[in-house]
Amino acid sequence: MIVSIASDHAGYDLRKKVAEHVRKLGHEVLEGGAEASDVPYNYVDAGIKVAEDVTSGRADRGIAICGTGIGISVVVNKYKGVRCGLCTNEYMARMSRQHNDANIIAFGARVVGQAVALAMVDVFFEEGFAGDRHAARVNDIKALEDKNFK
Ligand code: RB5
């Protein structure tokens with residue numbers, strides 16, 4: 001897969017570890033966002049990078065990291081076609097794929113440690129969408145997008 005990964009300054013150190021891990025899993029990484037942990041970088045711009053890579057088709061999946069994961073998850077979910085789960089543990093990452101067909105995962109570098117982050121990333125790539133009743137709900141989300149996005 002091609003995976004877009006971006007973060008603000010708060011997520012910089014964890015992003016570097018995550019990007020290295022994702023490359024080792026055999027994926028191609030498009031990396032963006034902050035260039036250092038001590039130079040402020042707006043999480044909105046990092047979210048735009050991931051969301052635009054995914055919605056344009058440049059990337060198959062996205063990983064969005066800021067301090068809490070909240071700001072950047074709000075940003076990417078403003079894009080039509082993005083289903084981003086803000087996750088703090090493996091179970092949430094698993095459910096984001098099985099039930100929500102998430103195409104972007106967000107997490108907070110000030111909230112989760114590296115081991116949890118990498119475990120969530122593994123699950124995010126391993127798990128499939130369960131379909132059935134969940135497909136109907138994702139279709140309801142798509143209908144909402146058609147109604148609310150210009
Ligand atoms: C940066 O200080 C912080 O506000 C940001 O990383 C994120 O947590 C916002 O939601």
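Read the numbers this way: they start at 1 and go in the same order the structure lists the ligands and their atoms. Hydrogens, waters and symmetry mates play no part in the numbers below; they use all other heavy atoms, side chains included.
Hydrophobic clustering of Ile, Leu, Val, Met, Phe, Trp and Tyr side chains at less than 4.5 Å, counting indirect connections, keeps I5 apart from V44.
For H21, there are no ring pair (Phe, Tyr, Trp, His ring centres under 6.0 Å) partners two or more places apart in sequence or in a different chain.
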Exercise. Would you check, one step at a time, whether the test salt bridge (Lys or Arg N to Asp or Glu O under 4.0 Å) holds for D13 with K17?
Key: CA-CA 7 Å; D13 291 337; K17 300 288 183 192; over 6 Å; no
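Using a heavy-atom distance under 4.0 Å as the criterion, the protein contacts of ligand 1 are D8, H9, A10, Y43, C66, G67, T68, G71, R110.
No donor-acceptor distance shorter than 3.5 angstrom exists from the side chain of H27 to the backbone of I2, with no hydrogens or angles considered.
Cation-pi geometry between R97 and F129 is not met: the NZ or CZ atom fails to fall both under 6.0 Å from the ring centre and inside 45° of the normal.
For D132, the CG atom sits in a loose shell: 12 or fewer heavy atoms of surrounding residues, nucleotides or ligands are nearer than 6.0 Å.
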